[in-house]
Chemist: 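Could you have a look at this structure, given as structure tokens, before my questions?
Atoms within each ligand, like the ligands themselves, are counted from 1 in listed order.
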Amino acid sequence: MSKLAEATNAMARQALENVKPKFLIGLGSGSTVAVFTNALGEFVREKRIEVRVLPSSLQIQVACEAARLQLAEPSLAPYVDLTVDGADQIDKRFNMIKGGGGALFRERILLSAAKRSIILADESKFVEILDMPVPVEVHPFGRGLAEQKLRGIGGKPHLRTQNKGYPFFTENGNIILDVEFGPIEKPPELKSEIRMLPGVIEVGLFDEKIFGFYRARTDGNVDLIRP
Ligand code: 5RP
């Protein structure tokens with residue numbers, strides 16, 4: 001196992017310090033959250049505590065089932081105690097790009113609702129300034145207009161596709177436009193601008209309040225960064 005994989009496992013175990021008995025836990029999506037989900041399953045069995053989880057995607061729901069975690073109803077989202085999520089990029093002011101897995105719509109709800117949120121990410125995700133394409137979830141009927149409007153505000157939209165070129169559909173039945181903006185100086189302002197465009201369902205720019213960022217390092221260590 002690489003040092004980074006070891007650090008990712010260690011990070012997941014360290015992040016369990018935020019889990020308390022009876023907690024309702026929102027889970028984001030992606031490979032890092034999957035590692036945490038597995039660690040959470042072992043933790044609740046070892047400590048003999050009860051928690052319920054609300055996954056943001058079928059990917060993480062399957063991981064929850066494999067970890068034998070108790071699933072909560074989506075209607076309980078407003079009462080989430082702790083949300084644990086990953087990120088694609090994190091800038092020096094702790095703005096994030098998320099949505100690499102297309103789960104941004106539900107991730108937004110879980111991160112907005114939680115009393116406390118933590119982010120788990122490896123050190124390659126931490127950057128000075130956000131500069132990767134921004135995932136924008138769009139209703140398929142609004143694709144053409146959304147592309148035109150995104151170009152109008154300086155973006156270069158690309159329809160996200162799967163291996164053979166078929167469009168990627170989110171679990172909400174929508175498409176994703178990955179939109180190049182170059183370096184993003186003011187992520188919250190750009191988020192608001194994109195959100196106003198017709199056909200846009202959700203934007204992969206996040207500036208929710210985060211309690212702590214756990215960073216897995218290639219030297220095998222883990223840092224906790226409190227904004
Ligand atoms: C999914 C996300 C994920 O948190 C993000 O893509 C990070 O994934 P990974 O842990 O696999 O790098 O936003 O929509």
Side-chain angles (χ1 to χ4, degrees), residues 1-2 4-15 25-40 53-64 66-67 74 77 80 82-91 94-114 117-127 130-138 158 160-162 167-179 184 187 191 194 200-208 210-218 222-223 225:
M1 191 186 283
S2 71
L4 183 58
E6 276 174 27
T8 304
N9 285 330
M11 173 171 71
R13 286 194 300 274
Q14 198 175 320
I25 302 173
L27 293 169
S29 294
S31 56
T32 317
V33 176
V35 173
F36 175 81
T37 302
N38 190 39
L40 179 63
V53 290
L54 194 44
S56 62
S57 65
L58 187 55
Q59 178 235 353
I60 287 300
Q61 182 170 332
V62 169
C64 291
V80 167
L82 170 72
T83 287
V84 183
D85 205 346
D88 297 301
Q89 267 191 342
I90 303 156
D91 76 9
F94 304 104
N95 297 295
M96 297 183 280
I97 290 183
K98 292 182 44 55
L104 61 167
F105 178 83
R106 294 185 195 181
E107 288 173 335
R108 170 87 67 204
I109 289 170
L110 295 176
L111 285 171
S112 302
S117 294
I118 57 170
I119 299 292
L120 278 50
D122 72 61
E123 66 180 351
S124 69
K125 311 278 184 70
F126 290 80
V127 295
L130 302 178
D131 63 359
M132 64 182 289
V134 177
V136 179
E137 181 164 355
V138 171
H158 303 277
R160 188 179 294 184
T161 56
Q162 307 187 67
F168 170 91
F169 283 95
T170 69
E171 289 183 30
N172 314 311
N174 299 314
I175 54 167
I176 297 276
L177 299 174
D178 288 303
V179 190
I184 301 171
K191 177 188 78 174
I194 298 173
V200 169
I201 309 287
E202 191 50 273
V203 183
L205 287 166
F206 285 68
D207 55 349
E208 278 70 13
I210 303 296
F211 176 77
F213 289 82
Y214 289 80
R215 178 170 62 184
R217 296 192 343 218
T218 46
V222 177
D223 307 312
I225 304 163

Chemist: For residues D122 and T32, determine if any side-chain heavy atom of one lies less than 4.5 Å from a side-chain heavy atom of the other.
Modeler: no
Chemist: Flag the pair R108 / E208 as yes when at least one side-chain heavy-atom distance between them is below 4.5 Å, and no otherwise.
Modeler: yes
Chemist: Do the side chains of F105 and T170 get nearer than 4.5 Å, heavy atoms only?
Modeler: no
Chemist: For E123 and T218, indicate whether the former's side chain and the latter's backbone hold a donor-acceptor pair under 3.5 Å.
Modeler: yes
Chemist: Should you measure from each heavy atom of G86, which atoms of ligand 1 turn up under 4.0 Å away?
Modeler: 4 (O)
Chemist: Can you measure from OG (S124) to CD (Q89) and round to the nearest 0.5 angstrom?
Modeler: 9.0 Å
Chemist: Below 4.0 angstrom from a heavy atom of G30, which ligand 1 atoms are there? Numbered from 1 as shown, please.
Modeler: 8 (O), 11 (O)
Chemist: Compare all side-chain heavy atoms of Y214 with those of D223 and state whether any distance is below 4.5 angstrom.
Modeler: no
Chemist: What part of D85 sits under 4.0 Å from ligand 1 if we count only heavy atoms: the side chain, the backbone, both or neither?
Modeler: side chain
Chemist: Among side-chain atoms of T83 and D85, is any donor-acceptor pair under 3.5 angstrom?
Modeler: no
Chemist: So if I apply the side-chain contact (heavy atoms from CB on, under 4.5 Å) rule between P187 and each of V134, D207, L130, which one comes out positive?
Modeler: L130
Chemist: Can you name the atoms of ligand 1, numbered from 1 with element, that are less than 4.0 Å from a heavy atom of E107?
Modeler: 1 (C), 2 (C), 4 (O), 13 (O), 14 (O)
Chemist: Please indicate whether any nitrogen or oxygen in V33 is less than 3.5 Å from any nitrogen or oxygen in ligand 1.
Modeler: no
Chemist: Which atoms of ligand 1 have any heavy atom of A103 under 4.0 Å away?
Modeler: 14 (O)
Chemist: Under 4.0 Å from ligand 1, counting heavy atoms only, is it the side chain of A87, its backbone, both or neither?
Modeler: backbone
Chemist: Please state which protein non-hydrogen atom is closest to atom 6 (O) of ligand 1 and give its distance, to 0.1 Å?
Modeler: D88 OD1, 2.7 Å
Chemist: Go through ligand 1 atom by atom and flag the ones less than 4.0 Å from a non-hydrogen atom of T32.
Modeler: 9 (P), 10 (O)
Chemist: For N174, does its backbone N or O pair with a side-chain atom of E137 as donor and acceptor, under 3.5 Å?
Modeler: no
Chemist: Any idea which atoms of ligand 1 are less than 4.0 Å away from a heavy-atom of G99?
Modeler: 2 (C), 13 (O), 14 (O)
Chemist: Within the 4.0 Å heavy-atom shell around G102, which atoms of ligand 1 are there?
Modeler: 14 (O)
Chemist: Atom 3 (C) of ligand 1: which protein heavy atom is closest, and how many Å away?
Modeler: S29 O, 3.2 Å
Chemist: State the atoms of ligand 1, each with its element, that fall below the 4.0 Å cut-off from a heavy-atom position in G101.
Modeler: 1 (C), 6 (O), 14 (O)
Chemist: Give the residue, atom name and distance (to 0.1 Å) of the protein heavy atom nearest atom 12 (O) of ligand 1.
Modeler: K125 NZ, 2.8 Å
Chemist: Can you tell me which residue and heavy atom of the protein come closest to atom 9 (P) of ligand 1, and the distance to 0.1 Å?
Modeler: S31 OG, 3.4 Å
Chemist: Output yes when a side-chain donor or acceptor of Q59 lies under 3.5 Å from a complementary backbone atom of S29, and no otherwise.
Modeler: no
